[in-house]
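In listed order, ligands and their atoms are each counted from 1. Index from 1, following the sequence.
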Amino acid sequence: MPKAFVTRRIPEPGLAILREVAEVKVWEEELPPPREVLLKEVADCDALVPLLTDRVDGELLDRAPHLKVVANYAVGYDNIDVPACTARGVLVTNTPGVLTETTADLAFALILATARRLVEADKFLRAGKWKTWGPMLLLGQDVYGATLGLVGLGRIGAAVARRARGFNMKILYYSRHRQEALEKELGVEYVSFDELLRRSDFISIHVPLTAETRHLFNAEAFAKMKPTAVLVNTARGPIVDEAALYAALKTGRIAAAGLDVMDPEPPRPDNPLLTLDNAILLPHIGSASIATRTRMATMAAENAAAVLRGELPPNLVNPEAWEKRRR
Ligand code: NAP
Ligand code: GLV
Ligand code: GLV
């Protein structure tokens with residue numbers, strides 16, 4: 001029977017699918033398997049189900065001569081060196097779609113929570129500082145009717161746009177390709193990155209982490225934003241230059257930030273963002289609903305199982321590797 005290694009305990013329905021086609025080993029600890037363990041485990045592995053915390057690169061692949069598929073338990077796959085997999089005919093799959101609405105809900109929650117200073121207000125009350133209703137107490141910004149700039153109009157970006165319509169927001173977007181059908185459907189306006197920075201009251205990031213998007217939000221970008229602007233990042237931490245973000249938040253260059261993702265994760269204890277009241281920081285919980293994590297587990301497992309059965313997996317990232325395997 002083929003062997004599969006799952007780098008953390010994922011919801012049971014996913015493991016059940018894998019057990020039908022493979023001898024399954026699960027890393028049971030809370031923390032990711034140490035690098036040496038991962039390199040050892042893949043030595044006789046046919047399928048690997050990693051998390052976004054596990055780096056899959058050429059070194060690992062060279063230790064895994066039987067590996068046929070890397071079925072990431074995430075939609076983002078910046079933890080995987082895809083060209084290195086393709087070069088070795090290893091199929092890479094991800095979990096698109098099933099987590100779109102759950103992650104869009106969290107992005108919108110961060111938009112509302114940063115605008116209305118929810119975390120700060122809760123801390124204020126619990127600290128016993130609430131004396132009376134105050135005309136000037138904890139004033140924030142309106143979301144309803146404001147201008148939202150979406151960076152990336154893929155699955156999650158579009159789902160955030162649908163929510164924003166209910167808040168009567170003016171919606172701008174910048175993405176690699178124009179989406180004319182979506183522009184009509186959602187009433188969104190395509191603008192350059194610079195124009196998005198200048199015009200938006202809220203900016204929400206929905207691009208993958210790539211060489212092009214790393215530090216897309218740097219000091220130069222913050223300098224173009226409104227002093228009242230709010231930045232929300234539910235994509236990947238390194239898309240934002242955190243040192244530049246800290247400086248922008250500290251000096252009032254922008255008003256607030258809501259981050260579900262950081263660089264690195266978790267943040268170091270001396271990360272200065274931890275000291276700011278105008279930053280809301282979450283431990284990468286974008287897809288963290290019970291239903292969605294279960295769907296991610298079955299999707300990742302079905303992808304791995306398909307490959308072990310010799311079939312084309314439903315969510316293949318590198319079709320070139322499939323061609324290579326068939327040759
Ligand atoms: P998606 O459907 O692939 O959307 C990504 C969008 O970004 C696409 O429209 C893509 O354009 C655009 N894009 C790619 N590179 C770009 C660039 N260099 N400049 C401008 N636009 C670019 O992906 P998704 O499902 O919405 O997920 C987006 C990301 O969210 C994932 O990659 C992941 O990192 C992150 N995520 C985080 C959480 C969380 O827990 N916080 C949960 C789920 C996802 P094209 O159409 O031209 O490719
Ligand atoms: C893990 O898959 C995550 O959504 O953070
Ligand atoms: C989570 O961050 C994912 O990419 O699924």
Quick one: does V207 get an N or O within less than 3.5 Å of an N or O on ligand 1?
no
Side chains of L231 and I205: does their closest heavy-atom pair fall under 4.5 Å?
yes
Within the 4.0 Å heavy-atom shell around R236, which atoms of ligand 3 are there?
1 (C), 2 (O), 3 (C), 4 (O)
Measure the acute angle between the ring planes of F108 and F167, then classify it against the limits of 30° and 60° as parallel, tilted or perpendicular.
tilted
How many angstroms lie between CZ in R117 and CG in D122, if you round to the nearest 0.5 Å?
13.5 Å
Could you tell me if any non-hydrogen atom of S287 lies under 4.0 Å from any atom of ligand 1?
yes
Could you tell me whether some N/O pair between S287 and ligand 3 is separated by less than 3.5 angstrom?
no
Could you give me the CA-CA distance, side-chain angles and deciding distance for K25 and K3, then say whether side chain to side chain contact (heavy atoms under 4.5 Å, CB included) is met?
CA-CA 8 Å; K25 188 159 174 184; K3 291 194 165 70; over 6 Å; no
Evaluate T100 for polar contact with ligand 1, using N/O atom pairs at a separation under 3.5 Å.
no
Polar atom proximity, H284 to ligand 1 (N or O, under 3.5 Å)
yes
Considering only heavy atoms of A74, which atoms of ligand 3 have at least one such atom less than 4.0 Å away?
3 (C), 4 (O), 5 (O)
For L312, the rest of its hydrophobic cluster, which grows through side-chain links under 4.5 angstrom:
V69, L91, V307, L316, W322
Any side-chain heavy atom of R178 within less than 4.5 Å of one from E183?
yes
Proximity winner for atom 32 (O) of ligand 1, if only heavy atoms of P208, G154, G152, A159 are counted:
P208
Based purely on interatomic distance, does R236 place a nitrogen or oxygen under 3.5 Å from a nitrogen or oxygen of ligand 1?
yes
Do we see a donor-acceptor contact under 3.5 Å between the side chains of T292 and R295?
yes
Taking both backbone and side-chain atoms of V75, is any N or O found less than 3.5 Å from an N or O belonging to ligand 3?
yes
With a 6.0 Å cut-off on the ring centroids, do F193 and F217 count as close?
yes
Relative to the heavy atoms of L99, which atoms of ligand 3 are at a distance of less than 4.0 Å?
5 (O)
Can you find an N/O atom of T213 closer than 3.5 Å to an N/O atom of ligand 1?
no
Under 4.0 Å from ligand 3, counting heavy atoms only, is it the side chain of T103, its backbone, both or neither?
neither
Under 3.5 Å, N or O to N or O, is H284 touching ligand 3 that way?
yes
Suppose I only count heavy atoms of L153 and a 4.0 Å limit; which atoms of ligand 1 are within that range?
9 (O)
Whether E189 and R199 form a salt bridge (side-chain N of Lys/Arg under 4.0 Å from carboxylate O of Asp/Glu) is what I want to check.
yes
Please check whether V261 reaches ligand 1 - meaning an N/O of the residue sits under 3.5 Å from an N/O of the ligand, judged on distance alone.
no
For I156, take its heavy atoms, then give the atoms of ligand 1 lying under 4.0 Å from any of them.
24 (P), 25 (O), 26 (O), 27 (O), 30 (O), 43 (C), 44 (C)
Residues passing the side-chain hydrogen bond (donor to acceptor under 3.5 Å, both in side chains) test with E36, sequence neighbours excluded, are none
Salt bridge (charged side-chain N to carboxylate O under 4.0 Å, His left out) between D241 and R214, intermediate numbers included:
CA-CA 8 Å; D241 175 346; R214 185 176 292 274; over 6 Å; no
Using a strict 4.0 Å cut-off to heavy atoms of L52, name the atoms of ligand 3 that fall inside it.
1 (C), 2 (O)
Any side-chain donor-acceptor pair under 3.5 Å between H206 and S204?
yes
At a non-hydrogen distance cut-off of under 4.0 Å, which region of V261 contacts ligand 3 (side chain, backbone, both, or neither)?
neither
Could you check whether N315 and T93, counting side-chain N and O atoms only, form a donor-acceptor pair closer than 3.5 Å?
no
Can you find a side-chain donor-acceptor pair between N72 and N79 that sits under 3.5 Å?
yes
Would you say V75 touches ligand 1, if touching means a heavy atom closer than 4.0 Å?
yes
Proximity of D260 to ligand 1 by residue part, where a heavy atom lies under 4.0 Å
side chain
Considering both backbone and side-chain atoms of G76, is one of its nitrogen or oxygen atoms within less than 3.5 Å of a nitrogen or oxygen in ligand 3?
yes
Is there a nitrogen or oxygen of E212 sitting under 3.5 Å from a nitrogen or oxygen of ligand 1?
no
Using a plain distance cutoff, I'd like to know if S175 has any nitrogen or oxygen under 3.5 Å from a nitrogen or oxygen of ligand 1.
yes
